[in-house]
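All remarks here apply to the structure that follows.
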Protein chains: 2
Amino acid sequence: MTETAPRPTLEAVAARAGVSRATVSRVVNGGDGVREPLVERVRRAVEELGYVPNQAARSLVTRRHDAVAVVIAEPETRVFADPFFALQLRGISKELTAHDNQLVLLLTEGRDDHARVARYLAGGHVDGALVFSLHLDDPLPGLIRGAGIPTVFGGRPGWHDGDEGVVFVDSDNRGGAREAVRHLAGLGRTRIAHITGPLDQTSAADRLQGFRDVRGDADPRLVVESDFTPGGGERAMRELLARRPDVDAVFAANDLAASGALRVLREQGRRVPEDVAVVGFDDMLPVAEGTDPQLTTVRQDIEEMGRIMARLLLRRLDPSGTDDPPAGVVLPTTLVRRASA
Amino acid sequence: MTETAPRPTLEAVAARAGVSRATVSRVVNGGDGVREPLVERVRRAVEELGYVPNQAARSLVTRRHDAVAVVIAEPETRVFADPFFALQLRGISKELTAHDNQLVLLLTEGRDDHARVARYLAGGHVDGALVFSLHLDDPLPGLIRGAGIPTVFGGRPGWHDGDEGVVFVDSDNRGGAREAVRHLAGLGRTRIAHITGPLDQTSAADRLQGFRDVRGDADPRLVVESDFTPGGGERAMRELLARRPDVDAVFAANDLAASGALRVLREQGRRVPEDVAVVGFDDMLPVAEGTDPQLTTVRQDIEEMGRIMARLLLRRLDPSGTDDPPAGVVLPTTLVRRASA
DNA sequence: CCCACACGCGAGAGCGCTCTCACCTCCCCC
DNA sequence: GGGGGAGGTGAGAGCGCTCTCGCGTGTGGG
């Protein structure tokens, strides 16, 4: 079983095809500058021997790995409660695969891991990194920049010193929030509340900002800080109903919180959307379509976001490319109207 | 930016410490057989120079990569609708990290990718593979076995020729289903229905089998085939109510389907659990806790499953270990009682 | 006091590949 | 018909590391 079959080397292929190693190498790497009959002979030898290049040997000399690290910080919280990162990974994977790059996944758990990740990235195992760091005070972005490896961030990172050149991809959290709130206003609602996410995350902060853009003059009691979870949404909704029993609309910072709010509203006998209209954020399908009534929410194209991150990184990695990547890309969101508002 | 700082080599460290390359190598790899003062000198030189071993060079000679591939087949369907794989990945990642192994993620999309994955695995980039393949007729397991690389499967794979030696880790789907159905029976329910998952997946087939173990004599009309989605759960529930309006309990093959069933029951004015008791499977938190009433369901420890898969693989990879890993590990499930049954 | 042996350390080969450079052919043009 | 060039091919060095082997030093026993 552990019988490692002696894999054929370039040398072996060369011998079989009756050419030099250099020629085989040329053929294997695209075949420019080799005459057709030889190409054919080499191809056949490769085929017959089942030759596969040794990546380690190749990397040793080229100093390329055709591999990209994806760093996901602090998965304990939000990450694994929803398909967000899975979708993102899928987008990233597709793009990387299309360009023959591998995806090395680095999940970090707490501060201890930071050093490990930094060391790995600095260790030259990968050509670049895609980093998801949700928290404003996360030291990881700084560490990674120190590693001196091309990096693209997922989500707007918190601002640190010397962050001007940071490349990131984010959804238009602020614009999406504005659209959600305007939709509620357009329904004639006048007492629109906002259940926020954890405000140490840029996405939550940006959504709150969007809410304020439209309802800057709102009663401060209509804004309740929460945590992106159903339980948190429930608590926030109860608080809201206690503070302002006349509330007639809620914009929750994500679908999970909205689902909690919905449950409290029903429990308290408020009809949705007749008495209170509810809008979520994310369009996390199993949740948004699973609530009763189904949730009106703001959709972000997560998979596309992943794809663009990968594309941006690959562009920076490509030595041939004209090197002027945008610093940040903000993807549009769309309002998905279902039954709750 | 692309200014690749010339990374220090073993040679450089050796020169600085005034020893030979061999000695530095020994120290870096554990330091056995090197006297303390020298170890100290080398350590300092490493520190000062910020030396990090070149993994490519090392792999070239050791033929080890300290990297494991995680292959997830057909992510289009179930995979990305729920946190299942994310949790699994987390478990895997933790275990691999603890043993200084890297995780290379391979997501496949349709048949074309199979060849790519097989080539990659056969290409000797990784030491082993963890493979998730849900479908009975998936050709991937066969291809991978052909690649001759140590592999552990997640979930019981469908049976192919020569599968005796397959190592896999799975939840006790059958036992969990039995427990769910017995719980319903213990509640005094006599007309217990089952909404299945897609029966070409072993997990769904095993859950059905568990149902049959307890209710082998049930009216066949009480079993409706479905697809693990909320929409599918809705359709199945409607069908069920049409066939047997007197149904008083439903065991849905997963939480998503259960959430759909719940919605139909409410819509049709059946009280849960009074009129109809409902049990799900998975304990997918955002769903199970997000339904109304909250879902009684069968929990599987997904993260642990990932961890065990990784552990099993690492054990097979470890040349020093006494080599007798179990062929299959089946993890217990537990019934989580909430409001729906 | 000398020999045997173990242990610590260095020299050097070689892992499989790419890439430069020199050579050799063949063709075109004067 | 000969010289120059372009393009195709091979030889060989070297990427950074590990590992075997042999030598030198220190220790214990006869």
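Sequence lines set the chain letters: A, B, ... in the order given, protein chains first and strands last, and positions in each chain run from 1.
- One interatomic measurement links the two molecules: CD of A:E36 to C1' of D:dG8, which rounds to 14 Å at whole-angstrom precision.
- In this structure, the CZ atom of A:R41 is 13 Å from the C1' atom of D:dG8, given to the nearest Å.
- The distance from atom CD of B:Q55 to atom P of D:dC17 is 10 Å, rounded to the nearest whole Å.
- In this structure, of C:dC17, D:dT18, D:dA11, it is C:dC17 that holds the atom nearest to the side chain of A:R58.
- A salt bridge does not link B:E47 to B:R44: none of the charged side-chain nitrogens sits closer than 4.0 Å to a carboxylate oxygen.
- If you find the closest nucleotide of DNA chain D to B:V52 and to B:R35, the one lying nearer the 5' end belongs to B:V52.
- Classification of A:D318 and A:R315 as a salt-bridged pair fails, no side-chain N sitting under 4.0 Å from a carboxylate O.
- The shortest distance between the side-chain N/O atoms of B:T23 and the OP1/OP2 oxygens of C:dG10 is below 4.0 Å.
- Nearest to the side chain of A:T62, among C:dC17, C:dC19, D:dC17, sits C:dC19.
- Nearest-nucleotide positions on DNA chain D for A:G18 and B:A57 put A:G18 closer to the 5' end.
- Here the P atom of nucleotide C:dC19 and the CG atom of A:N29 are 7 Å apart, to the nearest Å.
- OP1 or OP2 of D:dG10 has at least one side-chain nitrogen or oxygen of A:S20 nearer than 4.0 Å.
- One finds no salt bridge joining B:R43 and B:E40 here, because no Lys/Arg side-chain nitrogen approaches an Asp/Glu carboxylate oxygen to under 4.0 Å.
- The nearest whole Å value for the distance from the CG atom in B:L10 to the C1' atom in C:dG12 is 14 Å.
- Side-chain atoms of B:H65 never come within 3.5 Å of backbone atoms of B:S59 as a donor-acceptor pair (strictly under, hydrogens ignored).
- Residue contacts for A:R21: at a heavy-atom cut-off of 4.0 Å it reaches a base atom on one of the strands shown.
- Judged by closest nucleotide on DNA chain C, B:V34 is the one of A:E11 and B:V34 placed further toward the 5' end.
- Nucleotide C:dG14 holds its C1' atom 9 Å from the CG atom of B:L60, rounded to whole Å.
- Side-chain contact check for A:V126 versus A:V68: every heavy-atom pair is 4.5 Å or farther apart.
- Each end of the helix from C:dC1-D:dG30 to C:dC30-D:dG1 gets its own axis, taken as the rotation carrying the C1' atoms of four end pairs onto the next four within a five-pair window, and the two axes meet at 40° to the nearest 10 degrees.
- Ring-plane geometry between A:Y120 and A:H125 is classed as parallel, the angle between the planes falling under 30 degrees on a 0 to 90 degree scale with a further cut at 60.
- B:L314 is listed as a side-chain neighbour of B:L96, based on a closest heavy-atom distance under 4.5 Å.
- In this entry the distance linking CG of A:D32 with C1' of D:dA6 reads 16 Å, nearest Å.
- To the nearest angstrom, C1' of C:dG16 lies 17 Å from CZ of A:R26.
- A side-chain donor-acceptor contact under 3.5 Å links A:R7 to the backbone of A:V52.
- For D:dG16, the OP1/OP2 oxygens have a side-chain nitrogen or oxygen of A:R63 closer than 4.0 Å.
- Dashed line: the shortest gap from a side-chain N or O of A:N54 to OP1 or OP2 of C:dC15 is not under 4.0 Å.
- Side-chain atoms of B:A22 lie closest to C:dA11 of the nucleotides D:dC17, C:dA11, C:dC17.
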